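Presented below is the structure to which this report refers.
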Amino acid sequence: MRAMLLNAAGTPLSEVALPLPSPGPEQVLVRVHACGVCRTDLHVIDGELPEPKLPLIPGHEIVGTVVEIGARAGRFARGDRVGIPWLGYTCGVCRYCLMGRENLCERARFTGYQIDGGYAEHALADERYCFGLPAAYPDAEAPSLLCAGLIGYRALALAGAARRLGIYGFGAAAHIIAQVARFQGREVYAFTRSGDDTCQRFARELGAVWAGASDEAPPEELDAAIIFAPVGALVPAALRVIAKGGTVVCAGIHMSDIPSFPYHILWGERTVRSVANLTRRDAEEFLALAPQVPVRTAVQTYPLTQANHALHALKEGRVQGAAVLIP
Ligand SMILES: [Zn+2]
Ligand SMILES: [Zn+2]
């Protein structure tokens, strides 16, 4: 099978031909129809996340059909369409797993990081972490539900009952979550890079009541904010525009350092928190909700072999919505 392989952090992916893997007892072999390109992939490739498997096939928003089934696997049949997300394995016995917080599992393993992912024609996955996908979504539009959608959904839940919601960084996750937030009757305030008119227009098209630069003051005090951009300076910026009791949710896996800030912007029971990974329950809830909204995903597709171009475009903020690789 053809795959795009990371040999060392900080180097471009190389196109290789690999033998087709066979599924282990609990695994399925999936023929990949589409795989999303996520900012986390950039962090892995750039060496900002510690100790990836190397060499590694990145990619953790995988949509494909099951073509082979392991000896003890039986959740899916050959030909079933499945999604393979970031969460690839949990131990089931650590204290986090036992309290229903498998996203924090001590021995969790992640697709496209510690397990080979979907920048390839085929991928293996533990069937217990795969999901059936809503039929309403064509292959190219489904990958962004699996990470941008899921992590965004978890971030939205952790923002609490906020009616006026700020979103910093209007990329793949934000464009999905803005639709869900609006469906839930919230008002969305979109913050983008200064002067990014295209992005601000895109946010307004998706129902944002206001869109502006991240250093601008919104017309109303906000109840909560979600930061999707990997920029630590946005944490104090968001604290300055949320009301007492409000929460700032940092939804990325990596962020530049947060500058020091005066205590009075945290005072008033404001909270700063992060969101880590996802649970299978988040996935079930979100995948049931998405077609009801209905969430529409904006997608730019690239051939698999153009993975380096897609990553570069994402890094430069040139992707509107989500970038998706098609083998
Ligand atoms: Zn565990
Ligand atoms: Zn992701």
Side-chain angles (χ1 to χ4, degrees), residues 1 3-6 9 13 18 21 23-24 26-45 48-68 70 73 75-76 81-92 97 102-105 107-133 139 142-154 172-173 252-254 275-284 286-287 304 307 310-311 322-325 327:
M1 66 172 189
M4 298 301 288
L5 201 65
L6 177 71
L13 307 181
L18 298 172
E26 266 135 10
Q27 288 182 317
V28 287
L29 177 67
V30 168
R31 185 158 63 82
V32 179
H33 296 301
C35 182
V37 177
C38 175
R39 185 164 292 281
T40 300
D41 302 338
L42 276 177
H43 295 314
V44 171
I45 292 163
E48 288 164 337
L49 298 184
E51 296 175 17
K53 168 192 179 292
L54 284 176
L56 171 75
I57 303 172
H60 58 267
E61 303 180 1
I62 307 169
V63 171
T65 47
V66 174
V67 291
E68 225 186 298
R75 270 186 78 201
F76 301 101
R81 189 169 78 139
V82 295
I84 306 172
W86 171 244
L87 185 72
Y89 172 82
T90 57
C91 75
C97 282
E102 65 179 0
N103 59 310
L104 302 178
C105 172
R107 285 174 285 276
R109 284 159 26 97
F110 301 102
T111 312
Y113 180 29
Q114 289 124 347
I115 303 170
D116 277 330
Y119 287 19
E121 288 170 331
H122 288 81
L124 285 177
D126 185 322
E127 67 162 6
R128 294 168 296 176
Y129 300 87
C130 299
F131 298 96
L133 292 168
D139 289 335
S144 39
L145 300 178
L146 287 169
C147 181
L150 287 182
I151 304 279
Y153 177 71
R154 190 173 175 83
I253 194 168
H254 176 83
V275 171
N277 313 316
L278 65 133
T279 65
R280 283 173 280 180
R281 201 169 139 193
D282 296 327
E284 278 150 22
F286 175 69
L287 292 173
L304 172 63
L311 287 159
V324 173
L325 302 177

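Remember, it's a predicted structure, so these values are computed and weren't measured experimentally.
- Residues R128 and Y89 are in side-chain contact: their nearest non-hydrogen atoms beyond the backbone lie under 4.5 Å apart.
- Looking at heavy atoms from C-beta onward, E127 lies out of side-chain contact with Q27 at the 4.5 angstrom threshold.
- Residues L54 and L6 have side chains in contact (heavy-atom distance under 4.5 Å, counting atoms from C-beta outward).
- Side-chain contact check for N103 versus R154: some heavy-atom pair is nearer than 4.5 Å.
- Here the side chains of P327 and H122 are not in contact, with every heavy-atom distance at 4.5 Å or above.
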Stepwise, does the side-chain contact (heavy atoms from CB on, under 4.5 Å) test hold for Y129 with V82? CA-CA 10 Å; Y129 300 87; V82 295; over 6 Å; no
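- No side-chain heavy atom of T90 sits less than 4.5 Å from a side-chain heavy atom of R107.
- Between L304 and A120, the shortest heavy-atom contact is CD1-N, 3.7 Å.
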Would you tabulate the side-chain donor-acceptor contacts of residues 55-68 under 3.5 Å, counting partners in other chains and residues two or more places apart, or write 'none'?
| unit_1 | atom_1 | unit_2 | atom_2 | d |
| --- | --- | --- | --- | --- |
| H60 | ND1 | D41 | OD1 | 3.1 |
| T65 | OG1 | H33 | NE2 | 3.2 |

Step by step, work out the salt bridge (Lys or Arg N to Asp or Glu O under 4.0 Å) result for R31 and E121. CA-CA 6 Å; R31 185 158 63 82; E121 288 170 331; over 6 Å; no
Which is it for I84 and L146 under the side-chain contact (heavy atoms from CB on, under 4.5 Å) test, yes or no, and what are the steps along the way? CA-CA 7 Å; I84 306 172; L146 287 169; 5.9 Å; no
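- From L124, atom CG reaches atom CD1 of I115 across 10.0 Å, with rounding to the nearest 0.5 Å.
- In this structure, CG on D282 lies 8.0 Å from CD1 on I151, to the nearest 0.5 angstrom.
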Determine whether H43 and I253 satisfy the following criterion, side-chain contact (heavy atoms from CB on, under 4.5 Å), listing intermediate values before the conclusion. CA-CA 8 Å; H43 295 314; I253 194 168; 3.7 Å; yes
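- Residues L145 and L287 are in side-chain contact: their nearest non-hydrogen atoms beyond the backbone lie under 4.5 Å apart.
- Residues R75 and C130 share a closest heavy-atom pair of NH1-O, 3.1 Å.
- The local environment of CZ in R281 is sparse, with at most 12 non-hydrogen atoms from other residues, nucleotides or ligands closer than 6.0 Å.
- Counting all heavy atoms, side chain and backbone alike, F76 lies closest to G132 at CE2-N, 4.1 Å.
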Steps toward side-chain contact (heavy atoms from CB on, under 4.5 Å) verdict (H254, T40): CA-CA 8 Å; H254 176 83; T40 300; over 6 Å; no
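- Between L133 and A142, the shortest heavy-atom distance links the atoms CD1-CB, 4.3 Å.
- Between A322 and S144 the shortest heavy-atom distance is CB-CB, 3.7 Å.
- Taking CG of L278 as the start and SG of C147 as the end, the distance is 7.5 Å to the nearest 0.5 Å.
- With a 4.5 Å cut-off on side-chain heavy atoms, L311 and V37 count as touching.
- Taking the six-membered ring where tryptophan is involved, the planes of W86 and F110 are essentially parallel, since the angle between them stays under 30° and well short of 60°.
- To the nearest 0.5 Å, atoms CD (E48) and CZ (R39) are separated by 9.5 Å.
- Closest approach of C38 and Y119 over heavy atoms only: N-OH, 4.5 Å.
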Going through the distances and angles, do D139 and R81 end up as a salt bridge (Lys or Arg N to Asp or Glu O under 4.0 Å)? CA-CA 9 Å; D139 289 335; R81 189 169 78 139; 2.9 Å; yes
